[in-house]
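Every chain is numbered from 1 and lettered A, B, ... according to where its sequence line falls, protein lines coming before strand lines.
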There are 2 protein chains.
Amino acid sequence: MEKQEFDAFISKKGLKLTRERDEIVSEVLCCQGHFAPDELFVQLRSKGSKVSRASIYRTIPLLVESGLIAEVERTDKHAHYEKVSKNSHHDHMICTVCGRVIEFYSKPLERLQESLCKRENFKGVRHCLEIMGVCENCDG
Amino acid sequence: MEKQEFDAFISKKGLKLTRERDEIVSEVLCCQGHFAPDELFVQLRSKGSKVSRASIYRTIPLLVESGLIAEVERTDKHAHYEKVSKNSHHDHMICTVCGRVIEFYSKPLERLQESLCKRENFKGVRHCLEIMGVCENCDG
DNA sequence: AATGAAACTGAGACTCTGTCTCAATTATAT
DNA sequence: ATATAATTGAGACAGAGTCTCAGTTTCATT
Ligand SMILES: [Mn+2]
Ligand SMILES: [Mn+2]
Ligand SMILES: [Zn+2]
Ligand SMILES: [Zn+2]
């Protein structure tokens, strides 16, 4: 389903459809939640793929550009991504103590952003809101 | 002024007031805008300080914990910090066409976030909101 | 002022994330 | 089938940040 869109994106850019890209896209599409590049690498290798770390790192920017994934947090000294699917938009609260991620969605928050954009004559396309703090488990 | 607060924070934690911490705090307080750990290191060394990179990296978490500085963005694969002063907070709209950055502040937006945090029993400390889109100059 | 325990320091080795190089391979248009 | 340009894996490399350890410094207690 979404794989075809990525293939179309690749072809349209004059790039090539390779086994490595195919394996990476498939893995991303079937995996849930947030992931780091190296986790993707380990998962693919554990499934018998011969893909290299370099190809992972090369493919990720393409996945982002195609809209299939988005960078979500850079808490831990390395990047994290997640699958983008329609109607799944949410923002994040991230506990700086335990790393727990709370996903939340607020229609009023979205609408407020829209009106702020209108005020600046800015056409908002996407946004990333991360609230850093301490979750209830860690607040002693 | 703010230095005393940091000294009090250090003493209260049972830690020690050292020349190195003193030099680092002074530099942070007098420098303007965003800074990276290594920039701090280079600046101090250029002023004759013998402080080590290790001490910079050891002291930064203390500065953050004391509330004197805050991590602002992790754009470039390394952390950036800035002095915390009241009334300086703002968020960003970023034009993906021309790169223009619009800084904005909305009290209702801040309050809405606070109430969303409360709902999750999350103690929000800081946040980062970036709205990507197209500015009025580029919207044709 | 002297003592001593605990905290602190610099140097540099180390880890980890991410990038780059390059020769060999592969996809795709003709 | 051929030519061309994109892609690959391996591993060297780079940069940020952490850790170790032996020697030093703070500071509360005498
Ligand atoms: Mn998420
Ligand atoms: Mn804000
Ligand atoms: Zn937590
Ligand atoms: Zn613009």
Legend entry - Interatomic distance, B:His80 NE2 vs D:dA16 C1' [rounded to whole Å]: 12 Å

Inset, instruction - Establish, with yes or no, whether the OP1 or OP2 oxygen of D:dG9 is under 4.0 angstrom from a side-chain nitrogen or oxygen of A:Ser55. - result: yes

Inset, instruction - Round to the nearest Å and state the distance from A:Asp22 atom CG to D:dT8 atom P. - result: 11 Å

Got a list of protein N/O to nucleotides 18-23 of chain D N/O distances below 3.5 Å?
| unit_1 | atom_1 | unit_2 | atom_2 | d |
| --- | --- | --- | --- | --- |
| D:dT20 | O4 | B:Arg58 | NH2 | 3.0 |

Atom pairs and distances, side-chain donor-acceptor, residues 30-39 of chain B, under 3.5 Å, sequence neighbours left out:
| unit_1 | atom_1 | unit_2 | atom_2 | d |
| --- | --- | --- | --- | --- |
| B:His34 | NE2 | B:Glu82 | OE1 | 3.2 |
| B:Asp38 | OD1 | B:Arg53 | NH1 | 3.0 |
| B:Glu39 | OE1 | B:Ala36 | N | 3.2 |

Inset, instruction - Go through residues 40-52 of chain B and report each residue with a non-hydrogen atom lying under 4.0 Å from DNA chain C, sorted by number. - result: B:Arg45, B:Lys50, B:Val51, B:Ser52

Inset, instruction - Report the relative orientation of the aromatic rings in A:His80 and A:His78; use parallel for angles under 30°, tilted for 30 to 60°, perpendicular for over 60°. - result: tilted

Inset, instruction - With sequence neighbours excluded, give me every side-chain hydrogen bond (donor to acceptor under 3.5 Å, both in side chains) pair touching residues 10-20 of chain B. - result: B:Lys13-B:Glu65

Inset, instruction - Enumerate the residue pairs fulfilling ring-ring contact (aromatic ring centres under 6.0 Å, His included) with a member in residues 36-72 of chain B, sequence neighbours excluded, ordered by first and then second residue. - result: none

Inset, instruction - Just jot down the salt bridge (charged side-chain N to carboxylate O under 4.0 Å, His left out) partners of B:Lys50, sequence neighbours excluded, or say none. - result: none

Inset, instruction - Just grab all the ring-ring contact (aromatic ring centres under 6.0 Å, His included) pairs involving residues 103-140 of chain A, residues at least two apart or on different chains. - result: A:His89-A:His127

Inset, instruction - Report the distance from atom CD of B:Glu20 to atom C1' of C:dA7, rounded to the nearest whole Å. - result: 12 Å

Legend entry - Pairing residues for A:Asp7 by the side chain to side chain contact (heavy atoms under 4.5 Å, CB included) criterion, not counting sequence neighbours: A:Lys3, A:Leu17

Legend entry - Interatomic distance where CD1 belongs to A:Ile56 and P belongs to D:dT7 [whole Å]: 16 Å

Legend entry - Set of residues satisfying side chain to side chain donor-acceptor pair (under 3.5 Å) with respect to B:Ser49, sequence neighbours excluded: B:Glu23

Inset, instruction - Would you please confirm or rule out a distance under 4.0 Å between OP1 or OP2 of C:dA7 and any side-chain N or O of B:Thr18? - result: no

Inset, instruction - Please identify each residue that fulfils side chain to side chain donor-acceptor pair (under 3.5 Å) with B:Lys47, with sequence neighbours left out. - result: B:Glu27

Inset, instruction - To the nearest Å, give me how far apart NZ (B:Lys13) and P (D:dA28) are. - result: 17 Å

Inset, instruction - Can you tell me the distance, in whole Å, between the OH atom of A:Tyr81 and the C1' atom of C:dT17? - result: 11 Å

Legend entry - Validation row: A:Val97, A:Asn137 side chains within 4.5 angstrom (heavy atoms): no

Legend entry - B/S/- contact track for nucleotides 1-6 of chain D, protein heavy atom under 4.0 Å: ----BS

Legend entry - d(CZ, B:Arg19; C1', C:dT9) in whole Å: 10 Å

Legend entry - All side chain to side chain contact (heavy atoms under 4.5 Å, CB included) counterparts of B:Lys123, not counting sequence neighbours: A:Val134, A:Asp139

Inset, instruction - Mind calculating the distance between NE2 (A:His78) and P (C:dT17) to the nearest angstrom? - result: 6 Å

